[in-house]
Structure formats: C-alpha cells, structure tokens
Amino acid sequence: MSNSDRVIIFDTTLRDGEQSPGASMTGEEKLRIAKALERLRVDVIEAGFAIASPGDFAAVKAIADHIKDSTVCSLSRAVDADIDRAAEALAGANSGRIHTFIATSPIHMQYKLRMQPEQVIEQAVHAVKRARNQCADVEFSCEDAGRSEIDFLCRIIEAAIDAGATTINIPDTVGYAIPHQYAATIGELLQRVPNADKAVFSVHCHNDLGLAVANSLAAVVAGARQVECTINGLGERAGNAALEEIVMAIKTREDLLGVHTNIDTPHILSTSRMVSGITGFPVQPNKAIVGANAFAHESGIHQDGVLKHRETYEIMSAQSVGWHTNKMVMGKHSGRNAFRTRLDELGIVLAGEAELNAAFARFKDLADKKHEIFDEDLQALVSETLAAEAPEHFKLVTLEVASKTGEVPDAKVVISVAGIEHSARSAGSGPVDATFKALEQIARSEATLQLYSVNAITQGTDSQGEVTVRLEKGGRIVNGNGADTDILVASAKAYIDALNLMQMGLKAHPQVADV
Ligand code: KIV
Ligand code: ZN
C-alpha cells in the first residue's frame, strides 16, 4: 500500500476530550494517557492548550519531553502569545506541532471575533508564519468550517498554505454536517485550492447529531488524510469522533475505503479503559468496539453461528481490539516479574523501582482480598498508587458504617488533615450519604457534589468497585477516583481524592475565553 493511502490519526483526548465538563485530568494522568497513546501508535497527540494555564503548559511540556514516537502538538489561538507559549512547551519534543486556529464562519466572525473576513485572513497568515518560524510542523484550523462559506474557505486555506501551514484542518465545530455534504466540501476544497497538494487535509468532527464518525469517514473517502478523534469519543458537548470506531472502520472496511492507519489495534481496549477510569466517564455497554457487550452474543442463534464459524456474526475479532488478551488472571501467587510484565503489556509505564514496589505491595494486599485479579484491577491499582504518591492533605484512616433495614445509616470516619487526625460521625439517607456528610463535617469544602458513580471493575461479587466523585466549587470541577472491594471504602477514597485535588488547585477546567 502506498504512503498516500495512510490516514494520520490525530488524537485530541487530552485537549478537546478534556474540554468535556468534568473530564479534566492532572498532569500525571495526562502523561500516563499520552504514553498509552504512543503505545497505540497514534501519529499525533494533541497534548493540550499550553497557554490555558500553568498546569496545561506543564502537561504539554512533560508530554513533549517524554514522548518519542508520536508527534506532540499544542493548540493555540491565532495570537502571538499563544503561539509562543505553545512553541516553548514543545521545545523538548522529538517531533512537535503547533496547531493554530481562527474562526471562519460568518456567525463567528461577526459575533465572536467582531472582525471583517479580510482581517481574519490577515491574522491567520500572521499566526501561521509566526508558528512556522518556531516549528516546522504547523496545523491551521478554520474553526466552524462546517458553517463557513466555501469561497472564503478556499481563500484562507490557500493563504495559510502559502504562509507555511503543513496541515489544514476543516473542523465541523458544532456537529452540523451531514456525511455526503461534508465529503463534497472536502472534495471541493481539494480541487479548488490551488496549492492543496502542499498540505495534508484533516477533519475534526463533533458528534452533536451523532454523525462525527460517519462524517469523518465520508471525508476520508473524499481525500482527507488526517482524522482528529478521541478515545471513547470524549469531547466538547456530545463529544468528538471516537478513535476506536474510526480506526476499526478503516481496518475492517479497507476493501472499500482503500486506506489504512498505523494504529496497533490490540491496545485499543486498555487505552479506552484507562481514559474511562481517569476521567470517570463510563463506557456504555453497547458502545461499539469497547463496550462490554460489543462482542457478546446473547441470542442462541447467534451463539450457535459464532461457535460454528466466528465470521457468521462477527465482522472483526475481539482479540484484534484487545478483548481476550485482557483476560489474563493474576492471583496471590503471581510474582513481581509477572506483575511487571503484565503492566508492560497493558502499556502502563511506572517511573522506577520505587513505584513498581509500591504498586506490587498494593497488588499483594488486593490479592489477599480478591481471588482473581484482572487487567482492570491492575489499572485501578496503578492509578491509586500514583495518586497516593502525590502529597495528600486529606487521608482516610478508618471508616465505620452501620446500615440495617429500617434504621437510619450512620458513618464514623477518621481522616488525617495535614498529618493531624480528626473524626466525625453523621447519619444519612444511605451509607454513602452518611459517609460523605461525615467527611464534609471535617473538610468543610463547601463543594457541590455533581456526580457519584460506581462501576464494578470486573465481573462477580468480589469485584472491586470503582467510584468517581465529581465536586464543583466556584466553577472549578474535580474528579476524584477510588477503588476497593468494599464500595463504601471506595466511595470515601474517591471523595477524599476529590478533596485533595480541590486543595491542590489541580484539575481546573482548562478552557480559556476565545479571542
Ligand atoms: O472543534 C473545533 O473547531 C476545535 C478546533 C480548535 C480545532 O476543537
Ligand atoms: Zn473540537
């Protein structure tokens, strides 16, 4: 297959994905996801919006410094300060990209930018030139291209390519496009822009009408050779095109689409689980590729067919996206080497021996409580180990909960606050409510609980419960996570994790005001 037939996979989980309200991540979590994306062989990782906050800058820089095999990209408005900050964050990258954007639709230019179309072209050209002076790889996006006039798009794209843009992105920012119409736009741009052959054309589709993947694939048929997407379809509002769906559609229907990607598909599932665990956004059971039921056959006729010949009801194998490879069970007799090897296979890279030892000690504790340990348990365990290594203001010491039919539940907690133990007791409408109220009596965070969710990490009643607690205060949102075989302990851990994040000023929502 020739090179021109490869579709570049540009993952924006860490930037557009993080813009989902409540999906903000710490720098450490972003780096862990970036390593998993590199292992998945994503071509370009959009690591963040360097100017958005010091935390975003640090995360982009850390990812640029660590990731060697994928290009690392930072978003920037078409503004000098943004571009310079992106370049600064990317300075250590093996391969860096500055992604600069400005809105091109009449509605955005008139009401948001309050600029004339000519001024927008001028600013875009200036931004691309400034970016090119600092980085050889520059992407230019026409924000809200899906509602922009085609003649204007042709003019600004031609000017951006002349100014040095190497990738031109045509985002359907508001998820308004319909596949055949979006494909026609891409086809027309490729034909009409005189220097179109000097840049890769990219698409970035939002899912407001549930068409992000369909629109992206239609654009690929029309000639786009980069698709911007996110793990699990995370992203603003209804999300972005889901990477796993784009990649598997291209792989499964290569016969029809005539293109391929570089993605190492057996790592899809573990990456999806990692992103879901870190963000607290669960994956629905019937989600294509990575949902729990994606390869489950319930009807007897289907089961019979699959047993006789898998392809009767399966268009791709579960193994090809990582399903069966993740069934390896570990237990209390598993040694340190097997533990390390499995983490390696899951794409989890720990910083050194100390981290490995801490994670292994937690593994042994868990193995005492739980007979079989699955990959999902290992992922939760590593998240907990890494979180525990960060300085903790609040720490759970003990939790005692009484719950009996017909009686009001009661919780007593002891937590240490900056090293000093405090205890509190509270009743509640349920044991979790009582626990959180008792914790609040000590912490007095005055945060609002926005989300409380419990997921069984694996099957069976001995599964660990993985709890996400989302707290909001003064516009800042944090997601705390906790896992334990006792879901009340997991809930308390998640609440305390969220309190620590609030305290540390991390996980602030990254969006900045538009120009
Ligand atoms: O949706 C969008 O237009 C974007 C751009 C910044 C690429 O996310
Ligand atoms: Zn977007």
Side-chain angles (χ1 to χ4, degrees), residues 8-21 23-24 44-52 56 60 71 73-79 82-83 85-86 97-109 111-113 120 123-124 127-128 131 137-148 152-153 156-157 160 165-177 182 185-186 189 199-213 215-216 219 224 226-243 246 509-515:
I8 296 165
I9 296 295
F10 176 115
D11 179 279
T12 182
T13 306
L14 300 175
R15 198 278 297 168
D16 215 322
E18 202 200 21
Q19 286 174 214
S20 304
S24 44
V44 186
I45 298 172
E46 189 162 53
F49 200 163
I51 196 141
D56 265 56
V60 176
T71 294
C73 170
S74 174
L75 186 66
S76 66
R77 292 164 296 184
V79 168
D82 281 37
I83 292 165
R85 194 77 170 137
R97 172 181 295 186
I98 297 178
H99 176 190
T100 188
F101 73 97
I102 193 162
T104 52
S105 62
I107 187 169
H108 275 231
M109 291 192 288
Y111 295 105
K112 187 181 80 170
L113 299 179
V120 170
Q123 189 162 329
V128 170
D137 186 348
V138 173
E139 173 168 336
F140 172 69
S141 280
C142 312
E143 193 193 11
D144 204 19
R147 293 187 299 172
S148 301
F152 184 64
L153 283 178
I156 197 165
I157 291 169
T166 44
T167 299
I168 294 292
N169 187 34
I170 315 295
D172 180 24
T173 304
V174 292
Y176 182 65
Y182 190 54
T185 302
I186 301 296
L189 291 174
V200 172
F201 275 61
S202 165
V203 289
H204 173 115
C205 296
H206 279 271
N207 207 27
D208 300 66
L209 293 173
L211 293 170
V213 169
N215 285 332
S216 306
Q226 174 176 287
V227 175
E228 303 197 355
C229 44
T230 57
I231 300 291
N232 300 337
L234 208 64
E236 280 272 5
R237 307 182 308 279
N240 291 59
L243 177 146
I246 297 282
H509 198 276
Q511 275 168 304
V512 292
D514 271 318
V515 272

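Order of listing sets the numbers, starting from 1, for every ligand and every atom in it. All values reported here derive from a predicted model rather than from experimental measurement.
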Donor-acceptor pair, T166 side chain versus V138 backbone, under 3.5 Å?
-> yes

In terms of heavy-atom contacts, does OH of Y176 have more than 12 from other residues, nucleotides or ligands at under 6.0 Å?
-> no

Pair K112 + E143, salt bridge at N-O below 4.0 Å | yes

With a 4.0 Å heavy-atom cut-off (strictly under), which part of D16 contacts ligand 1: side chain, backbone, both or neither?
-> side chain

Should H204 be counted as touching ligand 1, given the test is an N or O pair under 3.5 Å?
-> yes

Return the residue, atom name and 0.1 Å-rounded distance of the protein heavy atom closest to atom 3 (O) of ligand 1.
-> T173 OG1, 2.6 Å

Nearest non-hydrogen partners of I83 and R77, listed with the distance | CG1-O, 3.9 Å

For Q19, is the nearest heavy atom under 4.0 Å from an atom of ligand 1?
-> no

Numbered in order shown, the ligand 1 atoms found under 4.0 Å of a heavy atom of E143 are 3 (O)

With atoms numbered from 1 as shown, which atoms in ligand 1 lie under 4.0 angstrom from a non-hydrogen atom of S141?
-> 7 (C)

For N169 and F10, run side-chain contact (heavy atoms from CB on, under 4.5 Å): C-alpha distance rounded to whole Å, both residues' side-chain angles, the deciding distance at 0.1 Å, then the answer.
-> CA-CA 11 Å; N169 187 34; F10 176 115; over 6 Å; no

Would D16 count as a contact for the Zn ion (ligand 2), in the sense that one of its N, O or S atoms lies under 2.8 Å from it?
-> yes

So is H206 polar-close to ligand 1, meaning N/O to N/O under 3.5 Å?
-> yes

Verify, without hydrogens or angle tests, whether S20 (side chain) and G235 (backbone) share a donor-acceptor contact under 3.5 angstrom.
-> yes

Atom CD1 of I102 and atom NE2 of H108: how far apart are they, to the nearest 0.5 Å?
-> 12.0 Å

Is it the side chain (CB and beyond), the backbone, both or neither of H99 that lies under 4.0 Å from ligand 1, heavy atoms counted?
-> side chain

Mind checking the CZ-CD1 spacing from F201 to I8? Nearest 0.5 Å is all I need.
-> 13.0 Å

Vertex the Zn ion (ligand 2), arms to H206 NE2 and H204 NE2, rounded to 10° | 100°

Applying a strict 4.0 Å limit to heavy atoms, is R15 in contact with ligand 1?
-> yes

